[in-house]
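See structure below.
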Amino acid sequence: VITCRVVHRMRAGWEERLHLDDEAAFRVAIIENEQRQACSDIDRALAIIAYEQAGWTSIEVADLMGLTERQKYNLERLLTLPDAVQIAIDDPDDHCTATHGLASSQLHRRYPELDVERWVAAINMQELSVTQQRRALHKVFRPTGRKRLGSIFKVCLVWSRKTTGT
């Protein structure tokens, strides 16, 4: 049995001790951390993995942490990111968020030559939003040899003029 100390912050300030079993104390700790937002997204991802390894189902973990299944999945994906990105996400002084990290992962799959560490530094130095990050990366990696086609209707009109001679 674990003793869990719950402190109520009132004018007089008093505390009450509850005796909880391991699972109940665990739940109280999770709920308290979620309410205080005391954990980084990387910490939350590590906790999710630990809960699932302890035998909790995916739905139980998501419910306990107040997450949707998709949010839980995205948090778990953070642990697949390169160490530099995880460190930046975990550092409260960095501008790089979990969303930046997931976007970087997506862009790295599209552009394998992407230097993720360099872009994490750029995100932090320039305080780029995720949209600005995407635009900057697409601008750097966009193929330059081929012009973009306009509307499908313009393409059809050009084809029509070539075939009819008008």
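Treat the numbers as computed from the prediction; the structure is a model and nothing was measured. Just so you know, residue 1 is the first one in the sequence shown, and it goes up from there.
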If Ile, Leu, Val, Met, Phe, Trp and Tyr residues are connected whenever their side-chain heavy atoms lie under 4.5 Å apart, and connections chain through other members, are [X] and [Y] in the same group?
X    : Y    : result
V116 : V130 : no
I42  : V120 : yes
L78  : I87  : no
I59  : L64  : no
I123 : L81  : no

Distance check, rounded to the nearest 0.5 Å: [X] atom [atom1] versus [Y] atom [atom2]?
X    : Y    : atom1 : atom2 : value
L46  : L79  : CG    : CG    : 5.0 Å
L102 : L107 : CG    : CG    : 11.0 Å
R110 : R134 : CZ    : CZ    : 9.5 Å
Q86  : T80  : CD    : OG1   : 7.5 Å

Mind telling me whether Y111 and F141 have parallel, tilted or perpendicular rings, with 30° and 60° as the class edges?
->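 Parallel.
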So, for [X] and [Y], which heavy atoms are closest and what is the spacing to 0.1 Å?
X    : Y    : value
H95  : S129 : NE2-N, 4.4 Å
L67  : Q71  : CA-OE1, 3.3 Å
Q132 : E127 : OE1-O, 4.0 Å
E76  : I49  : OE2-CD1, 3.7 Å
K72  : S58  : CE-OG, 2.6 Å
G101 : I89  : CA-CD1, 4.0 Å

May I have the step-by-step check of side chain to side chain contact (heavy atoms under 4.5 Å, CB included) for N124 and D93, ending in yes or no?
-> CA-CA 9 Å; N124 287 324; D93 296 329; over 6 Å; no
Under the side chain to side chain contact (heavy atoms under 4.5 Å, CB included) rule, what do I48 and E52 come out as? Steps first, then yes or no, please.
-> CA-CA 6 Å; I48 288 168; E52 289 178 345; 4.0 Å; yes
Pair R109, S105: side-chain N/O donor-acceptor within cut-off below 3.5 Å =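 Their side chains do contain a donor-acceptor pair, which is all the 3.5 Å distance test asks for.
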Check the surroundings of atom CD in E69: do more than 12 heavy atoms from other residues, nucleotides or ligands lie under 6.0 Å from it?
->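 Yes, CD of E69 has more than 12 neighbouring heavy atoms, counting only those of other groups under 6.0 Å.
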